[in-house]
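What follows is a set of notes on a single structure, which appears directly below.
Just so you know, ligand 1 is whichever comes first in the structure, and atom 1 is the first atom listed for that ligand.
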Amino acid sequence: MNEKSYLEIRIQIEKDALFSLSQIETLNELETWRINTLGRNGKVTGLLRGISDLPVDSRRKAGGEANSLKNLLTEKYESQKSGIENKENNVTGNGPELLDVTLPGRSISLGSLHPTTAAVREICQVFESMGFQTIEGPEVELDKYNFQKLNIPEEHPARDMWNSLWIDRELPDGSRPLLLRTHTSPMQIRTMESQSPPVRVVVPGKTYRYEATDATHEWQFCQIEGLAVDKDITFANLKATLEEFARRIFGDKRKARFRCDFFPFVEPGAEVSIDCFKCEGDGCRVCGNTGWIEIMGAGMVHPKVLAGVGYDPEIYSGFAWGMGAERIAMLKHGIDDIRHFYSNDMKFLKQFS
Ligand code: PHE
């Protein structure tokens, strides 16, 4: 073969290929065209192979021509392909060309407060109006604050009240004192250590327990701690403050009940309940037929705890409480499972916007 006939063949292939391509309407046909033209045994590939049959001084030009044909046809193939794809998509309605400007716009979702956040804010506001300051503290705590200074010594069985998630991190002295706080009570100590009386704080925040989850237990939840320390603080102040809180959150008519309970950092300790807002005390499903609903733990700050932070228990006294924010929200909204708060289910969350 000589250069002239080689170039003629090239022009013929180009003409044929472009013509047949222009007739193609489906992706199947297009694929057959690609195989016949650009495929391993296709015409263009044959043309490229034919270069070696040419005299050496013609090969360079012929190679350039054959390559430009390959590029041209590849380009045409790609654009034909996307053309067909767009058309097909339009038929099924997925294509970028299918823009119906008469459709109504999509509304922008503004989002809303998570029910736990909403409860925390509402609860803290009630206490703020009584002169308490809202503060926050660390979620990774030291044994010293989570337990020891709250009158819960190392190895003491009272620790079993709080199933703890310990952090596997050794300090230079070989101790492993870090854990995810099991309650917000360590902030009682941190607050008293950093200021002198009078103290009035509320501390909302996340707490963690090594616990199996069920309708009333989560391994991560939110507590709200409260602490008041001053001269002449008595149990009457505790009662009045928490009863006022219960009325502001659950209605004017609420009565509060205080019964003995044990927490190592208070003495006396109490379990605080309100009379059932659903059945007014007659007994129903919400209150488990008892007429009362437990809402928090509380008590007078233990003299040992006061002494431990350098407050003189002969001069100062105080009260503290701790409640679960989700529990309050559950009671308020009639939510029957605490796991809803942490499952990110929009159907649940949207009810509180
Ligand atoms: N920290 C206690 C708990 O997690 C609750 C509590 C706080 C009780 C303050 C008394 C006083 O169960």
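- Ring-plane geometry between Phe258 and Phe235 is classed as perpendicular, the angle between the planes exceeding 60 degrees on a 0 to 90 degree scale with a lower cut at 30.
- Protein residues with a heavy atom closer than 4.0 Å to ligand 1 are Trp162, His183, Ser185, Gln188, Arg209, Gln223, Glu225, Phe263, Phe265, Val266, Gly297, Ala298, Ala320, Trp321, Gly322, listed by chain and number.
- In this structure, Tyr208 and Trp219 have tilted ring planes: the angle between them lies in the 30° to 60° band.
- The aromatic rings of Phe341 and Phe348 sit perpendicular, their planes meeting at an angle over 60°, well past the 30° parallel limit.
- Here ring pair (Phe, Tyr, Trp, His ring centres under 6.0 Å) pairs that include residues 177-207, with residues two or more places apart or in two chains, are Trp162-His183, His183-Phe265.
- At a cut-off of 3.5 Å, with distance as the only test, a side-chain donor of Asn146 or Thr182 sits close to an acceptor on the other residue.
- Looking at Met323 and Val272, their side chains never come closer than 4.5 Å, going by heavy atoms from C-beta outward.
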